[in-house]
There are 2 protein chains.
Amino acid sequence: MVFVWYCGGMEQNRPVISRRNRPAKPPLTREGIVAKGLEILAAEGLSGLSLRRVATALDTGPASLYVYLPNLGALHAEMLDAALSAVTAPAVGPWRERLKAVLWRYMMVLIERPGLAPLALGTLASGPNSLRIWEMLLGLLQEGGVDAKSAAWGVDLLILYVTAIAAEQSLRSGGDLGPVEAALAQLSPTVYPLIFAARALLLSGGEERGHWALNVIIDGLVGPPDPGRTA
Amino acid sequence: MVFVWYCGGMEQNRPVISRRNRPAKPPLTREGIVAKGLEILAAEGLSGLSLRRVATALDTGPASLYVYLPNLGALHAEMLDAALSAVTAPAVGPWRERLKAVLWRYMMVLIERPGLAPLALGTLASGPNSLRIWEMLLGLLQEGGVDAKSAAWGVDLLILYVTAIAAEQSLRSGGDLGPVEAALAQLSPTVYPLIFAARALLLSGGEERGHWALNVIIDGLVGPPDPGRTA
DNA sequence: ATTCGTCAAGAACATTGTTCGTTAGCACAT
DNA sequence: ATGTGCTAACGAACAATGTTCTTGACGAAT
């Protein structure tokens, strides 16, 4: 590990400058950049996150980050994988409950940080935490007696599903649902009678809706819980 | 309801009449702009689509488009809704087959045009074609005896689901699968034995995989097809 | 003491979405 | 015919983005 103490100031750009007199800044690290990115994402959402914003938050210029990251997509991928470290495996319980717990945790990690879910939708997650979760889910599905092909395709599907739901949920709780409500309010009851009749239900449901959605996909993948077939 | 982090208004009630007849250039229309946008999207993908590119393709400047569209999000929304006009209702058959046919058609519309699926992920489709499809799906679910709450939540879920699958598919076929393939190739069989064993299956499956995914979600929502409960 | 590799930073480049101000043609009242 | 207002169309500009080029300063090896 190399220790670099100096820091570049934003002021005094004209003459030759001795960087030793500047106040010390912690050296840049990839972990620090990723952490600061997650911080900004939590504070300002995905639209507020940019390379330059992370750079200025670290009191440096945008070019400095390219020493540690090849491009913005890599930062996104690292941020996602870092956040996914919070998705841990439940130790005990029936496999179906453990499967649902893992998916729920995955969903919550994405929902709790505004902007992370839409970021995850556009990012191919291939980091260590992603692989760890894949391994976990594959094990749980195989433990539940799901055949190999359904398990392989199912893990992909489950993660995609949970990510998409999180993206939708995070925007539902995260503010501007106004346009949707307006569109539903102005709806013609004669042209769209079914939507009109269901307009209250369409926007209803908080956490309950997430549980319902998880049960739907698990039922579809492995069958209903109790009276169905048992492995 | 799906994904409105940007919701461009489709409502621009004042009719606009173009004035470019004289200089031998075809007059600008909202439909023409949307059509050209879809054309560029098909040719160059989502990253190749920008307001300025559409403008230059129409032989004008970027500011001219703002007469017909409030912003880029509105163009996206109009493009999506225009493409969704191809999703039609099958006339006959059992309701379950018709439901699946609609969803399949929806998915294919998004998959067949490169870039449309990722665009759909970031766009609220509140146009007439979207509403028409919502109405269609609500009717099919009610015809199948699904209770009101599950139908309302289910339509949202189904559209989200097929959109996400289409987006992933286009990400998989269109762009670089490089990182994933590299990660799978370098995978340690001892650290990730299950992923290693399933690595061939993970990337397998073409059209069959889409049908499988649709059956999974429909089974989860309304139960398995034949010997299950009947309404 | 000199060289070399590496981390950091400033400046610049090409693009992006969007807005401002202006022009030019039409409809209509005078 | 003349003038007035409205508005589509456009050129230019602005702020912000990701990325690259180039330079510079330090630590370590020679």
Side-chain angles (χ1 to χ4, degrees), chain A residues 1-33 36-37 40 44-77 79 119 122-123, chain B residues 5-6 8-9 12-33 37 40 44-77 79 119 122-123:
Chain A
M1 177 70 68
V2 185
F3 282 57
V4 180
W5 294 98
Y6 80 82
C7 43
M10 315 274 289
E11 59 255 25
Q12 257 183 6
N13 27 3
R14 293 294 288 181
V16 179
I17 43 178
S18 162
R19 300 183 169 192
R20 286 200 180 152
N21 301 340
R22 303 294 175 78
K25 286 192 298 185
L28 292 177
T29 60
R30 187 155 15 168
E31 291 76 18
I33 295 170
K36 187 61 83 176
I40 292 176
E44 320 200 19
L46 185 56
S47 67
L49 180 81
S50 71
L51 258 186
R52 307 179 96 97
R53 186 102 179 74
V54 176
T56 57
L58 291 170
D59 200 10
T60 183
S64 304
L65 305 189
Y66 280 81
V67 177
Y68 301 92
L69 299 163
N71 49 41
L72 179 67
L75 174 59
H76 285 171
M79 286 170 56
L119 184 151
T123 305
Chain B
W5 17 314
Y6 188 72
Q12 195 164 13
N13 21 11
R14 176 171 47 83
V16 183
I17 303 160
S18 175
R19 201 177 291 152
R20 288 212 306 187
N21 307 19
R22 252 140 320 283
K25 287 200 280 187
L28 292 177
T29 60
R30 186 139 44 135
E31 292 74 19
I33 295 170
I40 292 177
E44 321 199 19
L46 184 56
S47 65
L49 179 81
S50 70
L51 259 185
R52 306 180 94 99
R53 216 168 173 89
V54 176
T56 57
L58 290 170
D59 199 10
T60 182
S64 304
L65 306 189
Y66 280 82
V67 175
Y68 300 92
L69 299 163
N71 49 39
L72 179 67
L75 173 59
H76 285 171
M79 287 170 57
L119 185 151
T123 305

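Note on naming: letters A, B, ... go to the chains in the order of the sequence lines (proteins, then strands), and numbering restarts at 1 for each one. All values reported here derive from a predicted model rather than from experimental measurement. No hydrogens, no waters, no symmetry mates; every other heavy atom, side chains included, goes into these values.
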Indicate yes or no for a side-chain donor-acceptor contact from A/Tyr68 to the backbone of A/Leu28 under 3.5 Å, with no hydrogens or angles considered.
yes
Minimum-distance nucleotide to B/Ala63 side chain [options: D/dA12, C/dA12, C/dT18]:
D/dA12
So do the side chains of A/Met79 and A/Thr123 get within less than 4.5 Å of each other, counting heavy atoms only?
no
B/Tyr66 side chain, from C-beta outward: closest of C/dA9, D/dT19, C/dT18:
C/dT18
Quick note, A/Leu28 side chain, CB onward, closest among D/dA13, C/dA9, D/dA8 is C/dA9
Could you pull out the closest heavy-atom pair between B/Arg53 and B/Ile40, with the gap in Å?
O-CD1, 3.7 Å
Rounded interatomic separation in angstrom, taking CG from A/Leu69 and C1' from C/dA8
14 Å
When you get a sec, tell me which of C/dA9, C/dT18, C/dA8 is the closest nucleotide to the side chain of B/Pro62?
C/dT18
Drop me the distance from A/Asn71's CG to A/Leu65's CG, to the nearest 0.5 angstrom.
12.0 Å
Which part of the nucleic acid, if any, lies within reach of A/Ser50 when heavy atoms closer than 4.0 Å are counted: base, sugar-phosphate only, or nothing?
sugar-phosphate
Rounded to whole Å, how long is the line connecting atom CZ of B/Arg52 with atom C1' of D/dT17?
13 Å
In whole angstroms, the gap separating P of D/dC10 from CG of B/Leu51 amounts to 15 Å
What nucleotide, of D/dA8, D/dT19, C/dG17, holds the atom closest to the side chain of B/Leu72?
C/dG17
